[in-house]
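Only one structure is covered here, and it is reproduced in the block below.
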Amino acid sequence: DAGVTQSPTHLIKTRGQHVTLRCSPISGHKSVSWYQQVLGQGPQFIFQYYEKEERGRGNFPDRFSARQFPNYSSELNVNALLLGDSALYLCASSYQGGVEAFFGQGTRLTVV
Amino acid sequence: GIQVEQSPPDLILQEGANSTLRCNFSDSVNNLQWFHQNPWGQLINLFYIPSGTKQNGRLSATTVATERYSLLYISSSQTTDSGVYFCAVDMGGSQGNLIFGKGTKLSVKP
C-alpha cells in the first residue's frame, strides 16, 4: 500500500506569490493534518481535516487555508508569501483524529 | 497549552553504544508517538505508545502516563540511527493535532 504522498517535493516561490501544496492520505484514512517545520524546530500544527470538515486550526495567519476533497486528499494554500514561510510542510494522515498518524515526505518551500 | 520537553537536545555516540532519550509532557495525553526524522525530512514512525512498553528490534519505548514522561531506548547504535528523534503528544478530542518537542539530534560515529 502507498503511504502518504505529497507534491511537489520542492518548490521555490517569490515573495507575494501564492502556493498550493497537495497531499494524498493512506487509503482508508479520513483525517489529514498539515504541519510547518522551520529549521531546527519541531513541526507546528496548521490544520486538521476529517471527513472534509475543518476540525482544528493552529496559530497561523489567515493567509493559510486548506481543504479536503471527497477522496480525502487535501490541499494547503498559502497566499501573499513571506520569506518566513520558507519551511518544510508536512502532511499527516490517520484513520481519524487522535490515533496514530503517518507522515508524508514533505514539501520543502523556499520563498525568495 | 501543553508543553513537550525533550532531552538531551544533542547526543553524540560511538557506534555500538546504548542511549536513552527522554520526553516530558505537562498534561495528560491521549496519544504519544516517537518519530525519527531522516536527513531528507521524512518522519518515520517508531512507536505509538500512549502508555506501557513496546519493543521493536534494537529500539524500545516506555511511557509512564501518570508521571507524564516517555523514554526511548536505542541499543547497539548504528550510524544509520543518526538523525533527529521527536516525541509528539495529542491531548485527545476530535482535533487530533500532535504537539511536538524540539527533538534530540543524535549523531552516531563509526
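Chain letters run A, B, ... following the sequence lines, proteins first, then strands; residues in each count from 1.
Interatomic distance, CG of B:Asp90 versus CD of A:Glu100, reported as 12.0 Å (0.5 Å rounding).
Of residues 101-110 of chain B, those residues with a non-hydrogen atom less than 4.5 Å from any non-hydrogen atom of chain A are, in numerical order, B:Gly101, B:Lys102. Of residues 67-91 of chain A, those residues lying under 4.5 Å from chain B by any heavy-atom pair are A:Leu88, A:Leu90. Residues of residues 5-26 of chain B lying under 4.5 angstrom from chain A, judged on non-hydrogen atoms, do not exist. Contacts between residues 45-54 of chain B and chain A, defined by a heavy-atom separation under 4.5 Å, are made by B:Asn45, B:Tyr48.
Between B:Phe86 and A:Gln37 there is a side-chain heavy-atom pair separated by less than 4.5 Å.
Surrounding CD1 of A:Ile12 are at most 12 heavy atoms belonging to other residues, nucleotides or ligands under 6.0 Å away. For B:Arg58, the CZ atom sits in a packed shell: over 12 heavy atoms of surrounding residues, nucleotides or ligands are nearer than 6.0 Å.
Using a 4.5 Å cut-off between side-chain heavy atoms of Ile, Leu, Val, Met, Phe, Trp and Tyr, with links allowed through other members, B:Tyr69 and B:Trp34 fall into different hydrophobic clusters. In terms of hydrophobic clustering, with Ile, Leu, Val, Met, Phe, Trp and Tyr side chains grouped at heavy-atom distances under 4.5 Å, B:Val4 and B:Leu71 are assigned to different clusters. A:Leu21 and A:Phe45 are assigned to two separate hydrophobic clusters, defined by single-linkage of ILVMFWY side chains at heavy-atom distances under 4.5 Å. If you chain together hydrophobic residues whose side chains sit under 4.5 Å apart, A:Phe47 and A:Tyr95 never meet in one group. Note on A:Phe60: it does not cluster hydrophobically with A:Tyr35, by side-chain heavy-atom contacts below 4.5 Å among ILVMFWY residues.
Partner A:Pro43 forms a side-chain contact (heavy atoms from CB on, under 4.5 Å) with one of B:Leu98, B:Ile99, B:Leu43 and no other, that one being B:Leu43.
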